[in-house]
Amino acid sequence: MSRFVLFTCMAFVTAFVGVSWAMRGFPMTVASSSPTGELKATLTTSFGDESVKVHERKAWEAKHTLQSDKDPQLDALRMDALQAGTAYAMSPCDKTMKANLIAATSAYARGYMKIFDCPNPALAMFCSEKKRDQANAAYSTPLDVRVRAQLAEAFDQKGIVKEDFPEEIRLTVLQFAGPGLWSDPSPVCLPQQRGTNAR
């Protein structure tokens, strides 16, 4: 019985508070000082702003042009890797194309390692962060984006495995080659290789 009286009193109090709050228009008290502080706009652009066009232009240039940092040594490595990747993607069973792709990708990876200057890429976390950032910046031009895409397409053709590269550059090559390098040799080229070996 005492529980019933208690619940009845609670129901009346709740109803009284709810009705009086509704009669005042459901007011919400706002604290005078917010714990998060004043909210400020973070967007700096406005309608018709040119920065959007500049960003879109840079994205288009990165996709459709061969812009680089104008370093002649790196540009030679980039162009060799781009050409070797294109040639191998078109003819993945050709031994010359395979050798050219391995040589060009190795040289491209060694160029990165020279800037990074880390004796053991497996322990890169213990090497200079500043030099790693320099190497990443040097290898992030629009031309490098094209090179990486072309190398990934070439290695997706199969036929080249990570063991084809010297052990000291394998980890660096993997960051440029894409997931195709992890795969086994292509079954498309194996019948041709068996036929050549039988002769």
query = With K114, which residues qualify under salt bridge (Lys or Arg N to Asp or Glu O under 4.0 Å), at least two apart?
reply = none
ask   = To the nearest 0.5 Å, what is the distance between CG (D156) and OH (Y88)?
value = 11.0 Å
key: Straight-line distance of M113 CE to S106 OG, nearest 0.5 Å   = 10.5 Å
request  = Might you point out which heavy atoms bring A89 and Q150 nearest each other, and give the distance in Å?
outcome  = CB-NE2, 3.9 Å
Test applied, side-chain contact (heavy atoms from CB on, under 4.5 Å); reference residue, L82; option that passes from L151, D144, L143 = L143
ask   = Do L101 and M97 have side-chain heavy atoms sitting under 4.5 Å apart?
value = no
key: Beyond-backbone contact of V147 with Y108, side-chain heavy atoms, under 4.5 angstrom   = yes
task = Can you tell me which residue pairs pass the salt bridge (Lys or Arg N to Asp or Glu O under 4.0 Å) test with a partner in residues 101-111, sequence neighbours excluded?
result = R110-E168
query = Under 6.0 Å from the CD atom of E163, do we count more than 12 heavy atoms belonging to anything else shown?
reply = yes
note = Rounded to the nearest 0.5 Å, the CD1 atom of I160 sits from the OG1 atom of T105 at a distance of 7.0 Å
query = When rounded to the nearest 0.5 angstrom, what distance separates OG1 in T172 from CZ in F165?
reply = 11.5 Å
remark   = CG (N136) and CD (E129) are apart, to the nearest 0.5 Å, by 10.5 Å
ask   = Among pairs that include at least one residue of residues 169-179, which meet salt bridge (Lys or Arg N to Asp or Glu O under 4.0 Å), considering only residues two or more places apart or in two chains?
value = none
inquiry  = Once rounded to the nearest 0.5 Å, what's the spacing between atom CZ of R146 and atom OG1 of T86?
reply    = 8.5 Å
ask   = Nearest heavy-atom pair of G85 and A154: which atoms, and what distance?
value = O-CB, 3.4 Å
message = Does any part of the side chain of Y139, heavy atoms only, come nearer than 4.5 Å to the side chain of L77, both counted from C-beta?
response = yes
ask   = What closest approach, in Å, do S20 and V17 show between heavy atoms, and which atom pair accounts for it?
value = OG-O, 3.0 Å
ask   = Excluding sequence neighbours, so at least two apart, what forms salt bridge (Lys or Arg N to Asp or Glu O under 4.0 Å) with D133?
value = none
message = I'd like to check the side chain to side chain donor-acceptor pair (under 3.5 Å) partners of D71; sequence neighbours left out, ordered by chain and number.
response = none
ask   = Heavy atoms, side chains only, cut-off 4.5 Å: are R78 and D75 in contact?
value = yes
inquiry  = Whether the side chain of D164 engages the backbone of V161 through a donor-acceptor N/O pair (distance < 3.5 Å, no angle test) should be reported.
reply    = yes
key: Audit row: C127, D117, side chain to side chain contact (heavy atoms under 4.5 Å, CB included) steps and yes/no   = CA-CA 8 Å; C127 295; D117 192 27; over 6 Å; no
ask   = Is a side-chain donor or acceptor of K98 paired with a backbone partner of G159 at a separation under 3.5 angstrom?
value = yes
ask   = Partners of Q175 by side chain to side chain contact (heavy atoms under 4.5 Å, CB included), sequence neighbours excluded?
value = Y112
inquiry  = Can you confirm whether I115 sits close enough to L74 that some side-chain heavy atom of one is under 4.5 Å from a side-chain heavy atom of the other?
reply    = yes
task = Measure the shortest side-chain to side-chain distance between S140 and V145 over non-hydrogen atoms and say whether it is less than 4.5 angstrom.
result = no
